[in-house]
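Below is one structure, written out as structure tokens, with a few remarks after it.
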Amino acid sequence: RLSTSIRSLWSELLMDGAFRCSYDFIASTHWTIMTAQNRKTFGILLVCTLMDFIGFGVVMPILPFYAQSFGASPFEVGLLMGIFPLMGIVAPMIWGTLSDRIGRRPALLFNITGSALSYGVLSLSRSLSLLFLARALAGASSASIVIAQSYASDLSTTQNRTQTLSLLEAASGIGIVIGLLISGLLVGASTEAPHFRLPLVVATIASALTIGLGAIALPSAQSPSLGERSPNPLLHQSIRQSLHLITQDLKTTLQRPLMS
């Protein structure tokens, strides 16, 4: 009865005009525009982004508790959580320029390697200072999504670029959710002896597998010279907007009477 109901529901969905139009729109505007090689490369890029953000999702929920197990104060926990986004302000600008010079694939692999090393240091840490070192390294190599977006922009056209980038964002979000689930399952339910290192080992393995997949499956294209390569307008526009917002917020804060 259940299988009959499912088949009946699926048939109704297939007959629904909106569902059929949506499917036809996705099939016609995205995959048919890309060449076969670009479709394959973009699929590998999606998997790499998904696996990369699984590690990010594994680490984030347990990091404050892991730091407290080393005797960190609330202030030190705040610093530890803040060092990643602080480094993340500078990293996309540097890696965005480097990806234009050395190519998307090497820059992406360097960032994922940095993430894997940071997770490995976290899992082997015996002091709070090593936690800060690991998070600084993770922040310095946190431009993988920016490079992946640039890679996807190179593969896509103006007709399907927005959809291509949205699929990358969806892959990163799904990866974070999967990482959160893995972290919660592996850390255990015991408050007396939680298993903090086991999720970190899994995050390291996931990043290592991502490095292997990217190194083997992503094509190694010849990087054009800097003069021949056009700058990525999406990256430069995002950087300018971010710097403008930071400057405006800082100016507003300093103009308050108490701060003055």
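Excluded from the calculations below are hydrogen atoms, water molecules and symmetry mates; all remaining heavy atoms, backbone and side chain alike, are included.
- Summarising the geometry, atom CG belonging to Leu218 is positioned 6.5 Å from atom CG belonging to Leu213; distances are rounded to the nearest 0.5 Å.
- No chain of hydrophobic side-chain contacts below 4.5 Å, direct or via other Ile, Leu, Val, Met, Phe, Trp or Tyr residues, connects Ile211 to Val121.
- Rounding to the nearest 0.5 Å gives a distance of 5.5 Å between SG of Cys48 and CD1 of Ile112.
- By the 4.5 Å heavy-atom criterion applied to side chains, Met81 and Met60 are counted as neighbours.
- Contact annotation: the side chain of Val146 never approaches that of Trp95 to less than 4.5 Å [non-hydrogen atoms, C-beta and beyond].
- The hydrophobic cluster containing Leu137 also includes Leu117, under a criterion of side-chain heavy atoms closer than 4.5 Å among ILVMFWY residues, counted directly or through chains of members.
- Scanning both residues, Ala91 and Gly139, for their nearest heavy atoms gives CB-O, 3.5 Å.
- A donor-acceptor distance shorter than 3.5 angstrom exists from the side chain of Arg197 to the backbone of Ser123, with no hydrogens or angles considered.
- Between the side chains of Asp52 and Thr49, no donor-acceptor pair of N or O atoms lies under 3.5 Å.
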Distance-only check: which donor-acceptor pairs under 3.5 Å involve side-chain atoms of residues 167-186, not counting sequence neighbours?
from: Glu169; atom 1: OE2; to: Gln149; atom 2: NE2; distance (Å): 2.6
from: Ser172; atom 1: OG; to: Glu169; atom 2: O; distance (Å): 2.7
from: Ser183; atom 1: OG; to: Val58; atom 2: O; distance (Å): 3.0

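- With values rounded to the nearest 0.5 angstrom, Ser144 atom OG is found 11.0 Å from Leu109 atom CG.
- Between the CG atom of Leu165 and the CD1 atom of Ile145 there is a distance of 9.0 Å, given to the nearest 0.5 Å.
- Residues Asn111 and Ser115 are not in side-chain contact: their nearest non-hydrogen atoms beyond the backbone lie 4.5 Å or more apart.
- By the 4.5 Å heavy-atom criterion applied to side chains, Ile147 and Leu98 are not counted as neighbours.
- For Phe70, the ring pair (Phe, Tyr, Trp, His ring centres under 6.0 Å) partners at least two apart in sequence or on another chain are Tyr66.
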Derivation of the side-chain hydrogen bond (donor to acceptor under 3.5 Å, both in side chains) call for Thr157 and Asn160: CA-CA 6 Å; Thr157 62; Asn160 66 345; 3.0 Å; yes

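- Rounded to the nearest 0.5 Å, atoms CG (Leu130) and CG (Leu122) are 9.0 Å apart.
- Hydrophobic clustering of Ile, Leu, Val, Met, Phe, Trp and Tyr side chains at less than 4.5 Å, counting indirect connections, unites Ile54 with Val202.
- Inter-residue side-chain proximity for Leu131 and Arg135 is flagged as unmet; no heavy-atom pair is nearer than 4.5 Å.
- A donor-acceptor contact under 3.5 angstrom links the side chains of Arg104 and Ser99, judged on distance only.
- Counting only heavy atoms from C-beta outward, the side chains of Ile205 and Leu209 approach each other to under 4.5 Å.
- For the pair Arg161 (side chain) and Ser153 (backbone), a donor-acceptor distance under 3.5 Å is present.
- Considering CD1 of Ile44 and NZ of Lys40, their distance stands at 5.5 Å, rounded to 0.5 Å.
- Put simply, Leu80 and Val77 are part of the same group of oily side chains (I, L, V, M, F, W, Y) that touch within less than 4.5 Å, one to the next.
- Other residues, nucleotides and ligands contribute at most 12 non-hydrogen atoms within 6.0 Å of the CZ atom of Phe110.
- By the 4.5 Å heavy-atom criterion applied to side chains, Phe42 and Tyr151 are not counted as neighbours.
- When side chains are defined from C-beta on, Phe132 counts as touching Leu79, because their heavy atoms get closer than 4.5 Å.
- The main-chain N or O of Phe56 is found under 3.5 Å from a side-chain atom of Tyr119 such that the two form a donor-acceptor pair.
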